[in-house]
Amino acid sequence: GLGLAVDSDSSSPNFGGIYVDSVSGKDVLMWLPSSQFPNPTANQKLNIAPYKTIGGTATGITDPISLYVDQNGYLFVVNRSPDKILVFSPTASGNVAPSNTISTSLSSPYGASVYSDQTVYVTNDGNNSITVYNNGDHGTSTLQRTISGSNTGLNNPANIDVRIGR
């Protein structure tokens, strides 16, 4: 995997949490600096086990390519094989099912970003598109629109960032 994300929502139980997908591609690791290393010194090397891990067959994580944490602390895992966006609540840990799964109209998804109204934007490098969904972390998401075509200039789109005030 290539994913790295930080939970920047000060009201989240995982505020400051550092999420990394593992190179083996089957799980997501999270460290919580505020409780695990609250007073690090400059250039300090830390050998600390993750605060929590999300992984196992129930999670559906098989080939994560990127991660995103929304303003409510929900973790979005972009999974390439099969093509899915797996959404986990801030309290998710271990071998748990996602709270939401987005799979409609994805083609080799690469990046995801979530706007403050829970609109989810996903880049698809398999068909040079951006697909847009509603209800990011609140239940079933439906496809709202697709941005694609020769006028867009999209060519293997990768990461995406939808700016929101935090």
Side-chain angles (χ1 to χ4, degrees), residues 1-102 106 108-123 125 130 132-139 141 157-166:
L2 304 169
L4 171 70
V6 176
D7 186 345
S8 61
D9 175 22
S10 60
S11 65
S12 169
N14 301 316
F15 175 61
I18 302 166
Y19 291 88
V20 177
D21 63 29
S22 72
V23 174
S24 67
K26 301 275 188 224
D27 53 14
V28 175
L29 312 172
M30 192 272 270
W31 288 267
L32 194 58
S34 61
S35 68
Q36 289 187 285
F37 39 99
N39 300 306
T41 58
N43 299 315
Q44 181 180 6
K45 183 185 264 186
L46 302 169
N47 183 8
I48 299 173
Y51 181 78
K52 68 179 179 178
T53 300
I54 301 172
T57 55
T59 67
I61 299 172
T62 57
D63 187 15
I65 190 74
S66 67
L67 306 172
Y68 183 84
V69 180
D70 77 2
Q71 67 180 8
N72 296 319
Y74 281 75
L75 173 67
F76 289 70
V77 178
V78 180
N79 202 65
R80 299 243 329 170
S81 180
D83 294 348
K84 291 183 179 182
I85 310 300
L86 306 165
V87 185
F88 295 92
S89 76
T91 58
S93 183
N95 187 15
V96 296
S99 61
N100 188 12
T101 300
I102 300 171
L106 297 176
S108 297
Y110 196 95
S113 189
V114 183
Y115 193 66
S116 59
D117 66 358
Q118 292 304 302
T119 300
V120 180
Y121 295 81
V122 179
T123 56
D125 70 356
I130 299 171
V132 183
Y133 305 86
N134 67 348
N135 294 329
D137 54 80
H138 303 291
S141 295
N159 296 313
I160 187 168
D161 186 14
V162 179
R163 296 290 172 171
I164 57 174
R166 288 193 180 194

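We're numbering straight along the sequence, starting at 1.
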Contacts of Thr41 meeting side-chain contact (heavy atoms from CB on, under 4.5 Å) (sequence neighbours excluded), chain-then-number -> Gln44
Just by distance, do the side chain of Arg80 and the backbone of Pro109 share a donor-acceptor pair under 3.5 Å?
-> yes
For Thr57, what residues pass the side-chain hydrogen bond (donor to acceptor under 3.5 Å, both in side chains) criterion, not counting sequence neighbours?
-> none
Taking atom types as modelled, find out whether Ser11 and Asp9 have a side-chain donor-acceptor pair closer than 3.5 angstrom.
-> yes
For side-chain contact (heavy atoms from CB on, under 4.5 Å), just list the numbers for Leu106 and Tyr133, CA-CA rounded to whole Å, side-chain angles, deciding distance to a tenth of an Å, and then say yes or no.
-> CA-CA 11 Å; Leu106 297 176; Tyr133 305 86; 3.3 Å; yes
Can you tell if the side chain of Tyr110 reaches within under 4.5 Å of the side chain of Pro157, non-hydrogen atoms only?
-> no
Is there side-chain contact between Ser99 and Phe88, with at least one heavy-atom pair below 4.5 Å?
-> no
Check Met30 against Gln36 and note the closest heavy-atom contact, atom names and distance.
-> O-OE1, 4.4 Å
With sequence neighbours excluded, what pairs up with Ser89 under the side-chain hydrogen bond (donor to acceptor under 3.5 Å, both in side chains) test?
-> Thr91
Can you list the steps and then say if Asn79 with Thr62 is a side-chain contact (heavy atoms from CB on, under 4.5 Å)?
-> CA-CA 7 Å; Asn79 202 65; Thr62 57; 2.9 Å; yes
Taking side-chain contact (heavy atoms from CB on, under 4.5 Å) as the test, write out the residues that go with Pro33, two or more places apart.
-> Ile18, Phe37
Find the distance between CD1 (Ile160) and OG (Ser66) and round it off to the nearest 0.5 Å.
-> 10.5 Å
Can you name the closest pair of heavy atoms from Val78 and Ala112 and give their distance?
-> CG2-CB, 3.7 Å
Side-chain donor/acceptor of Thr59 to backbone N/O of Ile54, under 3.5 Å = no
Name all residues meeting the side-chain contact (heavy atoms from CB on, under 4.5 Å) criterion together with Pro50; count only those two or more places apart in sequence or in a different chain, and write none if there are none.
-> Leu29, Trp31, Thr53
State the CD-OG distance between Gln71 and Ser12, to the nearest 0.5 angstrom.
-> 11.5 Å
Give the intermediate values and the outcome of side-chain contact (heavy atoms from CB on, under 4.5 Å) for residues Val69 and Tyr19.
-> CA-CA 9 Å; Val69 180; Tyr19 291 88; 3.7 Å; yes
Could you list the residues that satisfy side-chain hydrogen bond (donor to acceptor under 3.5 Å, both in side chains) with Asp83, not counting sequence neighbours?
-> none
Does Asn72 use its side chain to pair, donor to acceptor, with the backbone of Tyr74 at less than 3.5 Å?
-> no
Report the distance from atom CD of Gln118 to atom CG of Asn134, rounding to the nearest 0.5 Å.
-> 10.0 Å
Between Leu67 and Asp21, which heavy-atom pair has the shortest distance, and what is it?
-> CD1-N, 3.6 Å
Which atoms form the tightest heavy-atom contact between Leu32 and Phe15, and what is the distance?
-> CD1-O, 3.6 Å
Taken to the nearest 0.5 Å, the spacing of Asp70 CG from Asp7 CG works out to 8.5 Å
Side-chain touch Asn100/Ser141, heavy atoms, less than 4.5 angstrom = yes
Salt bridge (Lys or Arg N to Asp or Glu O under 4.0 Å) between Lys52 and Asp27, intermediate numbers included | CA-CA 11 Å; Lys52 68 179 179 178; Asp27 53 14; over 6 Å; no
Run the numbers on Tyr115 and Tyr121 for side-chain contact (heavy atoms from CB on, under 4.5 Å), then give the verdict.
-> CA-CA 8 Å; Tyr115 193 66; Tyr121 295 81; 4.2 Å; yes
Less than 4.5 Å apart, any side-chain heavy atom of Val122 and any of Ile85?
-> yes
By side-chain contact (heavy atoms from CB on, under 4.5 Å) - contacts of Thr101 (at least two apart) = Lys84, Leu86, Pro98
